[in-house]
Amino acid sequence: MFQLVFFILFTSGFTESQGKKLLCRSSDVEISYSFCDSMDHVFFLGIVPCSFSEGRWKITLLWIPRSDIIFLEGSMDLWYDAANVFQGKEVICHGFDDDYSFCGTLKGETVNTTFELSGLKMQLPKGIYMILLRLFSGPSEKNLFLCMNVTLLIK
């Protein structure tokens, strides 16, 4: 589940961004995101339903990556109430026997996939959550592939 969260949550406020975009809004949540770099991105993400009270989400991702997705490692930092409450790092694509259909996608090819994700098992306190998501195309953080900031407002 942690691996897929990289494609779902995006925030603003940590680094220079291209402008905040609203991902979805409902009576219980609002999710917006921005990119941390100045590169143009061909990227679409849809979440149905836009609610944390639902048990399952249908996620649609359309993306044209700017480099090959052979090896892909992601990191996530989560802040709540100005405190860093979670840091995680995980290899998503190993280059062999990968779990995700987008692994192996070459630069310029289109990733167009829909998948289901289980909702949260716990209730989050109301407030603003800030998330920094980074994807790396190699085992070194020098190979930044994608950087996103996410703001998650739990109402």
Side-chain angles (χ1 to χ4, degrees), residues 1-54 57-69 71-93 100 102-103 105-120 124-138 140-155:
M1 180 173 156
F2 174 74
Q3 297 167 350
L4 297 177
V5 171
F6 288 112
F7 296 110
I8 298 169
L9 303 174
F10 314 106
T11 67
S12 65
F14 297 108
T15 61
E16 194 74 24
S17 69
Q18 292 182 345
K20 196 185 263 191
K21 296 171 182 68
L22 182 64
L23 180 59
C24 70
R25 178 184 295 149
S26 69
S27 61
D28 65 333
V29 67
E30 183 174 308
I31 304 171
S32 58
Y33 71 94
S34 63
F35 294 100
C36 310
D37 55 31
S38 60
M39 299 288 291
D40 286 333
H41 295 273
V42 177
F43 186 88
F44 169 79
L45 182 69
I47 300 174
V48 177
C50 181
S51 176
F52 278 110
S53 63
E54 297 294 326
W57 298 318
K58 187 174 185 176
I59 312 299
T60 301
L61 172 67
L62 182 120
W63 180 32
I64 299 178
R66 57 184 187 216
S67 63
D68 297 346
I69 306 177
F71 178 87
L72 188 64
E73 181 176 88
S75 72
M76 182 173 103
D77 291 284
L78 172 67
W79 282 267
Y80 174 71
D81 205 16
N84 189 316
V85 295
F86 177 81
Q87 289 182 312
K89 190 181 267 191
E90 187 163 332
V91 175
I92 301 165
C93 299
Y100 300 102
F102 57 81
C103 295
T105 300
L106 301 177
K107 175 182 177 178
E109 291 182 339
T110 301
V111 173
N112 187 358
T113 187
T114 299
F115 53 91
E116 288 193 8
L117 182 66
S118 295
L120 294 176
L124 296 175
K126 292 180 180 181
I128 298 174
Y129 294 80
M130 309 280 288
I131 303 142
L132 174 63
L133 303 171
R134 294 177 294 166
L135 297 174
F136 304 96
S137 61
S140 167
E141 291 193 4
K142 294 177 185 175
N143 301 318
L144 185 63
F145 186 64
L146 182 71
C147 180
M148 299 182 92
N149 292 318
V150 180
T151 301
L152 176 64
L153 171 60
I154 305 293
K155 302 175 186 178

Testing the basics here: between [X] and [Y], what is the closest heavy-atom pair and its distance to 0.1 Å?
| X | Y | value |
| --- | --- | --- |
| R25 | L22 | NH2-CD2, 3.7 Å |
| C93 | I69 | SG-CG2, 3.8 Å |
| L132 | C36 | CD1-SG, 3.7 Å |
| K20 | S32 | CD-OG, 3.4 Å |
| V111 | P65 | CG2-CD, 4.2 Å |

Hey, could you give me the [atom1]/[atom2] distance between [X] and [Y], rounded to the nearest 0.5 Å?
| X | Y | atom1 | atom2 | answer |
| --- | --- | --- | --- | --- |
| D81 | M130 | CG | CE | 12.0 Å |
| I131 | L152 | CD1 | CG | 5.0 Å |
| E30 | I154 | CD | CD1 | 10.5 Å |
| L45 | L61 | CG | CG | 6.0 Å |
| L78 | N84 | CG | CG | 7.5 Å |
| T105 | N112 | OG1 | CG | 11.0 Å |

Ring center gap for F43 and F35 short of 6.0 angstrom | yes
Short question: side chain of S137, backbone of F145 - any donor-acceptor pair under 3.5 Å?
-> no
Any side-chain heavy-atom pair from [X] and [Y] closer than 4.5 angstrom?
| X | Y | value |
| --- | --- | --- |
| L72 | F102 | yes |
| L144 | F136 | yes |
| L146 | W63 | yes |

Among Y80, W79, F86, which residue meets the ring-ring contact (aromatic ring centres under 6.0 Å, His included) test with Y129?
->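 Among the candidates, only Y80 passes.
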Residue K155 excluded, over 12 heavy atoms near NZ under 6.0 Å | yes
